[in-house]
Colleague: 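One structure is given below, represented as structure tokens, and several questions about it will come after.
Numbers restart at 1 for each chain; the letters A, B, ... are given by sequence-line order, proteins then strands.
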Number of protein chains: 2
Amino acid sequence: MNEHSFIFAPCFMRNKDEHKERLIRDKAMEMIVKEGFDGLSMQKLAKAANVSPATIYIYFINREDLLNHLYNEVQNNFSEVALKGFSPNLSFKEGLWLQWENRLRFINEFPYQYQFYEQFRNSPLINHSDVQLIMDFKVNMKHFLMNAIKRGELKKMEPEIFWSLAYGPFYSLVKFHLQEKTMMGRHFKISPSKLKTMFNQVIKSIQ
Amino acid sequence: MNEHSFIFAPCFMRNKDEHKERLIRDKAMEMIVKEGFDGLSMQKLAKAANVSPATIYIYFINREDLLNHLYNEVQNNFSEVALKGFSPNLSFKEGLWLQWENRLRFINEFPYQYQFYEQFRNSPLINHSDVQLIMDFKVNMKHFLMNAIKRGELKKMEPEIFWSLAYGPFYSLVKFHLQEKTMMGRHFKISPSKLKTMFNQVIKSIQ
DNA sequence: AATATAAATGAATGTTCATTCATTTAAAAA
DNA sequence: TTTTTAAATGAATGAACATTCATTTATATT
């Protein structure tokens, strides 16, 4: 052992099992969606993921850290999917529709992730989370909106009004369908034509 | 004691203290808004309301029963306020605006009630609640929408699309302002003129 | 004032909770 | 194969949980 031993120390280590962490994360989201934050206990989660309770603490500092990591992950996944194929140079109508489609695809594909996300955002946990929207997303949207205004496709308005007009109806429709789903036990996907119909009406309110 | 003694039994009873129940209900909603469903324990609630834990069980069967009663109460209050001054014979624009104003008034006046309501609706607890919208509300809205369609002020569309277009932006704007509030610690009320501006844009999407 | 009743209580109960810890296991490097 | 390391564990810990119960308290009626 010399003074540099901590740098050149050989690394005889066992790797973390990523499949195991994935399982813990997925089961946690599923439990929260089905039983609420109340319903998530570390012991029940351990049992559901087939690991020891202590194992969870190898991957996460504590319960709160686990929840924050889950939220962080979904936030990143969601905004990444929302921007798939997007460019700030698209016409306003094309760009907004693309994001509606992308968001709906994510929600249909990962309903547990999305419902966990909504539950987290509507709870006080959100106040203790320091997760920020990824910068890429912010910058893209800012340029997109500036271009649309420059081209006269969109009139200037306060940002919160824009977001409320452009996405309020979308998320409301999604909520209707997710409620239906949990009530009927079956998943009725939002039909693309219904979505497009509503989109065209929303456009009228923004232009 | 005769066979009718249970009917004519004298009633030497001490009355429930309504002020006490009110306090329990209010503190419960406040705790849930501030700390989530996780943060509501019967012992902490008892302490906050200055009663014994056992007292809560005089008014509510158990924790779940308490939460359901709270939700039920807010649902009723909210839909009652929403209909204040409403008539199905109002013009579509007048009737919808009246409801926006009424709803915003309720949210501004009872933010804890509203935020509890939102948190409950976005949690799985909603699946175990058998609370229904009051019939009066349903009937009124149905006639209102039928009249508006008859007069040509509103085109026929699927109910969930109507609700999403007519209220999605409203609730989205409310959410923006409530988030701001909890982040800044101060309450910035939505200005009526901002609300009216957005309302006029929303109307364009529905007609 | 006396009485009967349910409201109200504080302490207690058994359970479940998040988290820790001494130990074992597996795997990467030598 | 041996060595070293961190992953993984099951059992344990003390705190907090929902709920109950034997008493006491307040009050509407007599």
Colleague: Nearest whole Å is fine: how far is D/dA18 C1' from B/D38 CG?
Modeller: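 Spelled out: CG on B/D38 to C1' on D/dA18 is 15 Å.
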Colleague: For A/F110 together with A/Y114, are the ring centres under 6.0 Å from each other?
Modeller: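 No - the distance between ring centres of A/Y114 and A/F110 does not fall below the 6.0 Å cut-off.
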Colleague: Once you round it to whole Å, what is the distance between C1' of D/dG10 and CE of A/M42?
Modeller: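 Going from A/M42 (CE) to D/dG10 (C1'), I get 16 Å.
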Colleague: Would you find a donor on one side and an acceptor on the other, under 3.5 Å apart, between the side chain of B/Q201 and the backbone of A/S205?
Modeller: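 Flag set: sc B/Q201 to bb A/S205 pair under 3.5 Å.
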Colleague: Round to the nearest Å and state the distance from B/N50 atom CG to C/dT9 atom P.
Modeller: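 Rounding to the nearest Å, CG of B/N50 and P of C/dT9 are 9 Å apart.
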Colleague: Choosing from D/dG10, C/dT19, C/dA7, which nucleotide comes nearest the side chain of B/I58?
Modeller: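 Looking only at heavy atoms from C-beta outward on B/I58, the closest nucleotide is C/dA7.
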Colleague: Go through D/dT19, C/dC17, D/dA7 for me and flag the one nearest to the A/Q43 side chain.
Modeller: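 Of the candidates, C/dC17 comes closest.
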Colleague: So what does B/Y59 hit on the nucleic acid, given a heavy-atom distance under 4.0 Å: a base, only sugar-phosphate, or nothing?
Modeller: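 Sugar-phosphate, no base atom in range.
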Colleague: For B/L40, answer base if it contacts any base atom (sugar-phosphate contacts may also be present), sugar-phosphate if it contacts only those atoms, and nothing otherwise; contact means non-hydrogen atoms under 4.0 Å.
Modeller: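 Answer is sugar-phosphate: B/L40 comes under 4.0 Å of backbone atoms only.
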Colleague: Is the distance from the ring center of A/F199 to that of A/W100 below 6.0 Å?
Modeller: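 Yes, ring centres under 6.0 Å apart.
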Colleague: Indicate, with yes or no, if the rings of A/F37 and B/F37 have centres closer together than 6.0 Å.
Modeller: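 Centroid separation for A/F37 and B/F37: 6.0 Å or greater.
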Colleague: Given atom CZ of B/F37 and atom P of D/dC17, what is their separation to the nearest angstrom?
Modeller: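 So the CZ-P distance, B/F37 to D/dC17, works out to 16 Å.
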Colleague: Can you identify which nucleotide, out of C/dA18, C/dC17, D/dC21, has its nearest atom closest to the B/A54 side chain?
Modeller: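 Among the listed nucleotides, the one closest to the side chain of B/A54 is D/dC21.
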Colleague: Using a cut-off of 4.0 Å on non-hydrogen atoms, how would the nucleic acid contact of A/L66 be classed: base, sugar-phosphate, or nothing?
Modeller: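 No contact.
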Colleague: The side chain of A/K20 is closest to which nucleotide in this list: C/dT19, D/dT9, D/dT19?
Modeller: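 Minimum distance to the A/K20 side chain belongs to D/dT9.
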Colleague: Considering only side-chain heavy atoms of B/Y57, which listed nucleotide, D/dT9, D/dT19, C/dT19, is closest?
Modeller: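 Of all the options, the side chain of B/Y57 is nearest to D/dT19.
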Colleague: Send over the distance from B/K44 NZ to D/dT19 C1', rounded to a whole Å.
Modeller: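 Going from B/K44 (NZ) to D/dT19 (C1'), I get 18 Å.
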Colleague: Among the nucleotides C/dT9, D/dA18, D/dC17, which one has an atom lying closest to any side-chain atom of B/R63?
Modeller: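 Nearest nucleotide to the side chain: D/dA18.
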Colleague: How close or far is atom P of D/dG10 from atom NZ of A/K47, stated in whole angstroms?
Modeller: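 Spelled out: NZ on A/K47 to P on D/dG10 is 11 Å.
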Colleague: Quick one: A/H19 NE2 to C/dA27 P, roughly how many Å, whole number?
Modeller: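 That distance rounds to 14 Å.
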Colleague: Please give, in whole Å, the distance from D/dA8 C1' to A/L23 CG?
Modeller: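 These atoms are roughly 15 Å apart.
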Colleague: C/dT9, C/dA8, C/dC17: which one has an atom nearest the side-chain heavy atoms of B/V51?
Modeller: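 Ranking C/dT9, C/dA8, C/dC17 by closest atom to the B/V51 side chain puts C/dT9 first.
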Colleague: Of all the choices, D/dC17, D/dT9, C/dA8, which nucleotide is nearest to the side chain of B/S41 once you look at every atom?
Modeller: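 Selected nucleotide: D/dC17.
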Colleague: With no hydrogens and no angle check, just 3.5 Å: does a side-chain donor-acceptor pair link B/N102 and B/R105?
Modeller: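 Per modelled atom types, B/N102 and B/R105 side chains form a pair under 3.5 Å.
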Colleague: Using a 4.0 Å heavy-atom cut-off across all strands, classify B/T55 as base, sugar-phosphate, or nothing.
Modeller: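 Result for B/T55 = base.
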